[in-house]
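Have a look at the structure below, then the notes.
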Amino acid sequence: QLQFVESGGGLVQPGGSLRLSCIASGSTLADYAIGWFRQAPGKEREGISCISARDVGTYYADSVKGRFTISRDHVKNTVYLQMNSLKPEDTALYYCAAGYQPSTTWLPTTTNEYAYWGQGTQVTVSS
């Protein structure tokens with residue numbers, strides 16, 4: 001059973017940076033598409049980035065494109081989300097998730113495409 005622990009969230013000023021980590025156990029992540037989602041109070045969970053199996057491709061929502069970078073460390077079985085130029089509207093609970101299809105080009109962006117979820121880490125951007 002694939003399980004995740006997210007970390008790296010916190011309070012940061014506008015313009016600052018954070019790096020979120022999603023550490024997996026129970027299975028290797030290499031064959032899974034991994035996504036990062038966020039959910040702000042009163043809003044739906046939003047898919048903001050994903051990386052395909054074997055790191056063939058990546059996806060970014062327009063709201064984070066050019067500011068966030070997703071990456072994977074296969075040795076550490078960990079996926080990262082580097083977040084730069086943070087804005088107050090980035091404040092949310094951030095989740096990582098894993099989904100599987102026998103494809104290295106699959107880039108799932110909706111919650112129902114993912115089977116495994118972490119518990120979330122809070123990111124607050126405020127001065």
Side-chain angles (χ1 to χ4, degrees):
Q1 180 83 11
L2 188 59
Q3 293 183 315
F4 294 113
V5 175
E6 295 117 327
S7 63
L11 173 64
V12 64
Q13 291 187 342
S17 297
L18 286 172
R19 188 178 78 160
L20 305 184
S21 299
C22 175
I23 303 171
S25 60
S27 181
T28 179
L29 287 181
D31 293 326
Y32 289 86
I34 306 298
W36 283 98
F37 289 76
R38 66 186 181 187
Q39 189 165 19
K43 294 189 176 182
E44 291 188 354
R45 194 169 295 190
E46 171 193 18
I48 57 172
S49 183
C50 68
I51 187 166
S52 68
R54 304 291 173 176
D55 306 343
V56 170
T58 57
Y59 159 83
Y60 298 95
D62 288 343
S63 57
V64 306
K65 197 174 295 182
R67 300 187 298 124
F68 291 9
T69 303
I70 190 170
S71 61
R72 187 187 332 230
D73 185 325
H74 292 276
V75 173
K76 296 182 178 179
N77 214 30
T78 300
V79 175
Y80 301 100
L81 186 69
Q82 177 67 43
M83 306 188 297
N84 299 328
S85 302
L86 283 162
K87 305 175 182 180
E89 52 263 43
D90 294 318
T91 295
L93 190 59
Y94 283 70
Y95 300 87
C96 65
Y100 178 78
Q101 279 194 5
S103 166
T104 57
T105 58
W106 182 54
L107 288 168
T109 59
T110 61
T111 56
N112 60 4
E113 296 177 283
Y114 289 88
Y116 304 98
W117 290 84
Q119 82 289 349
T121 185
Q122 178 67 38
V123 172
T124 302
V125 185
S126 175
S127 54

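Numbering of residues begins at 1 and proceeds along the displayed sequence.
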* Is any side-chain heavy atom of Asn77 closer than 4.5 Å to a side-chain heavy atom of Thr28? -> yes
* What heavy-atom pair brings Ala61 and Gly47 nearest, and what distance separates the two atoms? -> CB-O, 3.8 Å
* **Identified side chain to side chain contact (heavy atoms under 4.5 Å, CB included) partner of Leu81 from the options Leu18, Val64, Ile48** => Ile48
* Would you mind reporting whether Ser7 and Thr121 have side-chain heavy atoms less than 4.5 Å apart? => no
* Looking at CZ of Arg67 and OG of Ser85, how far apart are the two atoms once the value is rounded to the nearest 0.5 Å? -> 7.0 Å
* Is there a path from Trp36 to Leu2 through hydrophobic residues (I, L, V, M, F, W, Y) whose side chains come within less than 4.5 Å of each other? -> yes
* Asked: Just how far is it from atom SG of Cys22 to atom CG of Asp73, taken to the nearest 0.5 Å?
  -> 12.5 Å
* **Donor-acceptor contact below 3.5 Å, side chain Glu113 vs main chain Gly99** => no
* Does Phe37 have any ring pair (Phe, Tyr, Trp, His ring centres under 6.0 Å) partners at least two apart in sequence or in another chain, and if so, which? -> Tyr114, Trp117
* Locate the shortest heavy-atom distance separating Gly120 from Leu93; write the atom from each residue and the value. => C-CD1, 3.9 Å
* To do: State yes or no: do Phe4 and Ile51 share one hydrophobic cluster built from I, L, V, M, F, W and Y residues joined by side-chain heavy-atom distances below 4.5 Å, directly or via other members?
  => yes
* Asked: Which pair of non-hydrogen atoms, one from Trp106 and one from Ser52, has the smallest distance, and what is that distance?
  -> O-CB, 3.4 Å
* For the side chain of Ser21 and the backbone of Glu6, is there at least one donor-acceptor N/O pair under 3.5 Å apart? -> no
* So how far is it from Arg38 CZ to Thr91 OG1, rounded to the nearest 0.5 Å? -> 9.0 Å
* Hey, is CD on Glu89 packed in by over 12 heavy atoms from elsewhere, all under 6.0 Å? -> yes
* Structure fact -> Residues Pro108 and Ala33: closest non-hydrogen pair is CD-CB, 3.7 Å
* Distance-only donor-acceptor check, side chains Glu46 and Ser63, under 3.5 Å -> yes
* Can you name the nearest heavy-atom pair linking Ala40 to Ala92, along with the distance? -> N-CB, 3.9 Å
* To do: Without swapping roles, check the side chain of Tyr60 against the backbone of Ile70 for a donor-acceptor pair under 3.5 Å.
  => yes
* To do: Answer yes or no: is there an ion pair linking Asp90 with Lys87, defined by an N-O contact shorter than 4.0 Å?
  => no
* Result of checking Lys76, Gln82, Met83 against Tyr80 for side chain to side chain contact (heavy atoms under 4.5 Å, CB included) -> Lys76
* Structure fact -> Output for pair (Gln3 CD, Ser27 OG), nearest 0.5 Å, gives 11.5 Å
* Asked: Side chains of Asp31 and Arg54: closer than 4.5 Å at any heavy-atom pair?
  -> yes
* How are the rings of Tyr94 and Phe68 set to each other: parallel, tilted or perpendicular (split at 30° and 60°)? -> tilted
* Determine the minimum heavy-atom distance between Ser126 and Pro14, stating which atoms define it. => C-CD, 3.6 Å
* Treating Ile, Leu, Val, Met, Phe, Trp and Tyr as nodes and any side-chain heavy-atom pair under 4.5 angstrom as an edge, say whether Tyr116 and Leu20 lie in one connected cluster. => yes
